[in-house]
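To keep things clear, I will list the structure first and then write my remarks on it.
This structure is a prediction, so every number in the text was calculated from the model and none was measured. Labels below follow one simple rule: chain letters A, B, ... track the order of the sequence lines, proteins then strands, and each chain is numbered from 1.
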Amino acid sequence: MPTVPALPTSSLSFVSAPRVRFAPAPTGFLHVGSARAALFNWMFARHTGGTFVLRIEDTDPARSRDELVEGIERTLHWLGLDWDEGPFRQSARMHLYAEAADRLLAEGSAYWCDCTREAVDARTPAGAPPGYDGFCRDRGVERTPETALRLRTPDEGETVVHDLIRGDVHFDHRTLEDVVIQRRDGTPTFLLANAVDDADMAISHVIRGEDLLPSTPKVLLLRQALGNHEVPVFAHLPLLVDEKRQKLSKRRHAIAVEEYREQGYLAEALRNYLALLGWAPPGDREIVPLDEMVDLFEVEAVNKAPAFFDLTKLAHVNATYLRALPVATFVRESLPWLMEDPPWPPERLDPSVFEAVAPLVQERVQTLGEVPGMVDFLFLEAPDIDPDSWAKGVTRMAEAGAVLGDAIATFESCHWEAEAIHQATLDIAVRHGLKLAKAQAPIRVAVTGRSVGPPLFESLQALGRASTLERLRAARARWASEQPTSASQ
RNA sequence: GGCCCCAUCGUCUAGAGGCCUAGGACACCACCCUCUCAAGGUGGCGACACGGGUUCGAAUCCCGUUGGGGCUGCCA
């Protein structure tokens, strides 16, 4: 595998084009927080004319599975985030990390340790801070299948992390413990692989989540021990949190980008919303197309405070993008949701009927996943009548029976076109001394099964006269059967 | 416990000493529009965590307090 020559000096990162990387560990799905990190790296690279590298951190054998990697690539593609190099897989570069480990050992920067977690804990006095105590530092432990390699961290001095978002962050070496860099099975931990690869791939700017900030001095120390004295510039992004201000967790939230896709969120919308978390375009604008986003993006302007991942606002952004779509595109994007697992017999779907009402549906849904529920009455044999809607629009309305009867008679002969149906319904309203809003209610419930939905007259036109009349008659019959006194009328 | 980070409306944010009686957006409320629901329009509610400094002047700078979070794994 070809390796990229290392940058000669650290200052070069400012004069030559930046190189950034997105380095997820494969977990089977792409976390929205990771997607945000990928987006910020990507925007930074595109804004600066730099290079965006994709690197899969699959040093843990349990995570090194092809399908997990494919999922990341697919989702990144869906989001429109293309990479210039990679994907490099750490599982294919193990020899590099092994060499590095050998060198560190030979030079005395690392040592073998045979302590188990239990042994370390047992040595820790009650109440004292937990952590490794450097027990094996000078015990001369030989390599066995039971030993792991630890980095010998300095006892004095400090490491400073230069962060574009947070400024200089100082870490006192005395607070750093000797971390494991190679497991007993010989595989590297992420610190080692990370240090080796960032140097080898000449990464100039490391943009990632704030949760990685505490591990940064260790990586820097590792790089130094490996003889790599260039220091990348860091930018630790604020975490994405839940309503309790805690890191998004798989347990309680939908955090996979794929889930949002499946719910009918548009990639552009999710991307736009993600960009708004921790950053804001200049001016009072939030809905900004990608290319403009790239022009405007500045890592230095990213916020420090954690951001709440707000589904309500995401939905709003998505609805805005949905409405902005050309109708033909909206129809095309909706089709998968209409065809996959629909609430009606699949063969009853008539795309041309959907097209007729699509513009009306478009401005009433926040996600594509809501589309079927908005038009189901058009493709169902008979609509499911919502009990509350029936009670409100028919049972509790004195004129309901009469209006339904009139509608049956009137709709039999009127011209079957939205405006004409509108006019006819207006006439019905007048005849019963009602406002149009009131008169349309029982008709809407009878035909669509609900008290809310797309504009009624266009819906009736799309449904067709025959089905409309059939449903009106059924409703009228049901109404009659529910009357306490006379059954017919 | 230790180390580290953070702190403007409920939420996302604008604000880089005077332009701030703190702006926008989401949510919420009211009204308008209207065949329901949306969309749209108008208006409303609503924040600089607290305490000290520095300064003629602080949301903006410094210190402290409080609060929140992250890390503390042979996960990344």
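- The nearest whole Å value for the distance from the CG atom in A:Asn272 to the P atom in B:C26 is 13 Å.
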Stepwise, does the ring-ring contact (aromatic ring centres under 6.0 Å, His included) test hold for A:His162 with A:Phe234?
-> CA-CA 6 Å; A:His162 302 292; A:Phe234 291 87; 8.9 Å; no

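- Between A:Arg93 and A:Asp58 there is no salt bridge, since none of the side-chain N atoms of the basic residue sits less than 4.0 Å from a carboxylate O of the acidic one.
- Residue contacts for A:Gly209: at a heavy-atom cut-off of 4.0 Å it reaches no nucleic acid atom on any strand shown.
- Among B:U36, B:U13, B:U11, the nucleotide with an atom closest to any side-chain atom of A:Pro455 is B:U36.
- Ion pairing between A:Glu286 and A:Lys313 holds under the 4.0 Å rule for side-chain N and carboxylate O.
- Across all strands shown, B:A76 remains unpaired; no Watson-Crick or G-U wobble contact has both distances below 3.5 Å.
- Counting non-hydrogen atoms of neighbouring residues, nucleotides and ligands closer than 6.0 angstrom, the CD atom of A:Glu300 exceeds 12 such neighbours.
- Contact annotation: A:Lys244 does not reach the phosphate of B:G69 (side-chain N/O to OP1 or OP2, under 4.0 Å).
- Among the heavy atoms of the strands lying under 4.0 Å from A:Gln246 are primed sugar atoms or P, OP1, OP2 only; no base atom is included.
- Base pairing annotation: B:C31 forms a Watson-Crick or G-U wobble pair with B:G41, both donor-acceptor distances under 3.5 Å.
- Closest to the side chain of A:Phe308, out of B:C37, B:C6, B:C12, is B:C12.
- When distances run from any side-chain atom of A:Lys304 to the nucleotides B:G24, B:A39, B:A7, the shortest one goes to B:A7.
- Between A:Thr187 and A:Gln182, the side chains place no donor N or O within less than 3.5 Å of an acceptor N or O (distance only, hydrogens not considered).
- Per the geometry, CG belonging to A:Leu68 stands 14 Å off P belonging to B:A76, to the nearest Å.
- Across all strands shown, A:Leu456 has heavy atoms under 4.0 Å from base atoms, whether or not it also approaches the sugar-phosphate.
- Looking at the side chain of A:Arg150, the nearest of the listed nucleotides B:G70, B:C37, B:C74 is B:C74.
- Within 4.0 Å of A:Gln182, counting heavy atoms only, lies no atom of the nucleic acid at all.
- Among the nucleotides B:G70, B:A76, B:U13, the one closest to the side chain of A:Glu57 is B:A76.
- Across all strands shown, A:Arg245 has heavy atoms under 4.0 Å from sugar-phosphate atoms exclusively, and none from any base.
- Nucleotide B:C3 is matched to B:G70 when pairs are restricted to Watson-Crick or G-U wobble geometry with both distances under 3.5 angstrom.
- Residue-level contact check: A:Arg285 touches neither bases nor backbone, having no heavy atom under 4.0 Å from any strand.
- Here the side chains of A:Glu419 and A:Phe457 are not in contact, with every heavy-atom distance at 4.5 Å or above.
- Residues A:His316 and A:Glu363 both approach RNA chain B. Their nearest nucleotides, taken by heavy-atom distance, put A:His316 toward the 5′ side.
- For A:Val452, counting side-chain heavy atoms from C-beta on, the closest listed nucleotide (B:G24, B:C37, B:U13) is B:C37.
- At a cut-off of 3.5 Å, with distance as the only test, a side-chain donor of A:Thr410 or A:Arg431 sits close to an acceptor on the other residue.
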For nucleotides 46-51 of chain B, just jot down a letter per nucleotide in 5' to 3' order: B, S or -, based on protein non-hydrogen atoms under 4.0 Å.
-> ------

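- The residue A:Arg323 sits close only to the backbone: its heavy atoms come under 4.0 Å of sugar-phosphate atoms, none of a base.
- Checking A:Arg117 against A:Thr312, the closest nucleotide of RNA chain B that is more toward the 5' end is the one next to A:Thr312.
- Under the 6.0 Å cut-off for aromatic ring centres, A:Phe88 and A:Phe22 do not qualify, their centroids lying 6.0 Å or more apart.
- Below 30°, between 30° and 60°, or above 60°: for A:Phe297 and A:Trp279 the angle between ring planes is above 60°, a perpendicular geometry.
- The distance between atom CD of A:Gln366 and atom P of B:C26, rounded to the nearest whole Å, is 12 Å.
- Base pairing annotation: B:G64 forms a Watson-Crick or G-U wobble pair with B:C50, both donor-acceptor distances under 3.5 Å.
- As rounded to whole Å, 13 Å separates atom P of B:G73 from atom CG of A:Asp178.
- For the C1' atom pair drawn from B:C20 and B:G52, the interatomic distance equals 24 Å after rounding to whole Å.
- Across the P atoms, B:U72 and B:A30 are found 48 Å apart, a figure rounded to whole Å.
- Nucleic acid contact class of A:Pro24 (heavy atoms, under 4.0 Å, all strands): none.
- Residues A:Arg476 and A:Asp406 are not paired through a salt bridge, judged by the lack of any N-O separation under 4.0 Å between the basic side chain and the carboxylate.
- Within the nucleic acid shown, A:Arg444 comes within 4.0 Å of at least one base atom, counting heavy atoms only.
- Aromatic ring centres of A:Tyr273 and A:Tyr265: separated by at least 6.0 Å.
- Within 4.0 Å (heavy atoms only), A:Ala25 reaches sugar-phosphate atoms of the nucleic acid but no base atom.
- The CG atom of A:Leu212 sits 15 Å away from the P atom of B:G73 (whole-angstrom rounding).
- Counting non-hydrogen atoms under 4.0 angstrom, A:His236 reaches nothing in the nucleic acid.
- Note: CD (A:Glu286) to P (B:G24) measures 12 Å, nearest angstrom.
- For B:U21, there is no paired nucleotide, since no Watson-Crick or G-U wobble pair has both relevant distances below 3.5 Å.
- Taking atom CG of residue A:Asp172 and atom C1' of nucleotide B:C4, one finds them 12 Å apart after rounding to whole Å.
- Regarding A:Leu240, its CG atom lies at a distance of 14 Å from the C1' atom of B:G70, rounded to whole Å.
- To the nearest whole angstrom, the two P atoms, one in B:C4 and one in B:G64, are 12 Å apart.
- A:Thr27 comes within contact range of no nucleotide atom at all, as no heavy-atom separation falls under 4.0 Å.
- Side-chain atoms of A:Arg208 and A:Thr216 include a donor-acceptor pair closer than 3.5 Å.
- Rounded to the nearest 0.5 Å, atoms CG (A:Asp376) and CG (A:Asp384) are 7.0 Å apart.
- Looking at heavy-atom distances under 4.0 Å, A:Glu458 makes contact with a base.
- Residue A:Leu239 has its side chain nearest to B:G69 when only B:G69, B:C12, B:A14 are considered.
- Separation of the C1' atoms belonging to B:C48 and B:G70 is 25 Å when rounded to the nearest angstrom.
- For the P atom pair drawn from B:C9 and B:G46, the interatomic distance equals 14 Å after rounding to whole Å.
- Residues A:Thr147 and A:Asp114 have side chains that never bring a donor and an acceptor to within less than 3.5 angstrom of each other.
- B:G10 and B:A49 have their P atoms separated by 11 Å, with the value rounded to a whole Å.
- B:C26 and B:G10 make up a base pair, with Watson-Crick or G-U wobble contacts both under 3.5 Å.
- Going from the P atom of B:U60 to that of B:G18 covers 12 Å, rounded to whole Å.
- Across B:U21 and B:A59, the matching C1' atoms stand 14 Å from one another, rounded to whole Å.
- Note on A:Tyr273: nothing from the nucleic acid sits closer than 4.0 angstrom, heavy atoms only.
- For residues 432-441 of chain A, proximity to RNA chain B is found at A:Leu436, A:Ala437, A:Gln440, defined as any non-hydrogen atom under 4.0 angstrom from a strand atom.
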